[in-house]
Amino acid sequence: MKLRYFSTLFSLLSCVVFSVPAVAAEDGINWPKRLVVSVPTSGNVVHMTVSAMAKTIEDHTPIERVIVQPIGGPASWLPRMEKGQVDMAVHNTPDTMELIQGLGDGEKLGAKPFLRTVITGGIQMCGVITIPGKGIEKYSDLKDKVVVLRNPGNPLWERIANIVLASAGLTQKDLKSSLTMINYREVTSDILEGRTDALINPGSGPFIMELAQSAGKNVVVEPSDSEAEYLKQHLPTGFYIDSLPANTPYFNNSDPIGKAILYRNAIYARADMDPEVAYAIIKAIDENRSEWEDISPSCVDWGKATDLMPPYHEGVVRYYKEKGLWTDAMQAQYDKMLALVKADK
């Protein structure tokens, strides 16, 4: 009985990920019966947030089923999106801006000019994260330390770690060891139990909170003024430097951070998604926030109109304009990004 159950379950999941969704025409609109949404990993805040959004989309649009799958990084979900096997995907904005142009890590995948923002994501933080007693108070203190700086789901983060090190005149050769992250749980244990000194990567809220609860305090190491200037000049477009007060919701930082490295993630679709479908999705998400916004403090930023994004889908542009949320800065960024990919919408 169990064998039959797992065989059936595997067959169903295979159909979910590897089949093209059936499409129904209604009032001239290509309403998909099903959407497949890729998230990088399972069981984290992003996965839970997008799963809650999926239910909202089902309840407030003609789309019957929205399936959220942990498919991984762009090397996994982009080919599937090109084949119509994935409809939308969560990814960080700096990397996506490069992917649409075929820059950075996108050189291996080729330019993907069809990517469009449908739902803006939450603000994220990355940088040097550790606990007291490690002797790391400034970037240069990373010399001869054991540092986790690779993320197997996205090679962008090793590039960012190299930029952080370079701002202090360091390279990976100056470290005692540079490691690859398995997951935040393992990194937490390694830092607390002394096998690792620091993480240079995005810092999830639960990870930072657990460091504080177990060690009495977490430490987000700030760049000096000169290091911050280096970061501004060398970090990919989409990253920015800003301050965070102590105990900022979701980030759970023990102390104020005067110069935090911040960026956003977002949910993207193909430019050829029916504009009415994209319009209906952002409308459902924005006008029914109470159905999903209490998942995490980070949800307050999801779906909000903002600039410094990869090009929005034309259906989303129409919605934001109708709501009076479309700003001059957003239009300037939109025009700039479309010019880069030689598109008009």
Derivation and outcome, side-chain contact (heavy atoms from CB on, under 4.5 Å), residues Trp77 and His91: CA-CA 10 Å; Trp77 60 260; His91 197 53; 3.8 Å; yes
Chi angles and distances behind the side chain to side chain donor-acceptor pair (under 3.5 Å) call for Glu287, His60: CA-CA 10 Å; Glu287 295 185 353; His60 298 279; over 6 Å; no
[Y] and [X], any side-chain heavy atoms less than 4.5 Å apart:
| X | Y | answer |
| --- | --- | --- |
| Met125 | Ile208 | yes |
| Gln172 | Asn162 | yes |
| Leu142 | Ile200 | yes |
| Val277 | Asn30 | no |
| Leu192 | Leu211 | yes |
| Thr196 | Val187 | no |
| Glu58 | Ile63 | no |

Determine whether Gln69 and Ser38 satisfy the following criterion, side chain to side chain donor-acceptor pair (under 3.5 Å), listing intermediate values before the conclusion. CA-CA 5 Å; Gln69 289 287 320; Ser38 167; over 6 Å; no
Which residue is it: Asp328, Asp335, Thr327? I am looking for the one with a side-chain hydrogen bond (donor to acceptor under 3.5 Å, both in side chains) to Gln331.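 Between Gln331 and the candidates, side-chain hydrogen bond (donor to acceptor under 3.5 Å, both in side chains) is satisfied uniquely by Asp335.
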Glu322 and Arg318 ion-paired at < 4.0 Å: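 Judged by the 4.0 Å cut-off on N to carboxylate O distance, Glu322 and Arg318 do form a salt bridge.
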May I ask you to decide if [Y]'s main-chain N or O and [X]'s side chain share a donor-acceptor pair within less than 3.5 Å?
| X | Y | answer |
| --- | --- | --- |
| Thr130 | Asp197 | yes |
| Asp174 | Leu170 | no |
| Asp87 | Val36 | yes |
| Asn218 | Asn252 | yes |
| Ser42 | Pro70 | no |
| Arg116 | Pro113 | yes |
| Asn253 | Pro245 | yes |
| Asn288 | Ile285 | no |

Between Tyr250 and Trp302, is the gap from one ring center to the other below 6.0 Å?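 Ring centres of Trp302 and Tyr250 not closer than 6.0 Å.
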Can you say whether the rings of Tyr312 and Trp326 are parallel (under 30°), tilted (30 to 60°) or perpendicular (over 60°)?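 Perpendicular: the ring planes of Tyr312 and Trp326 meet at over 60°.
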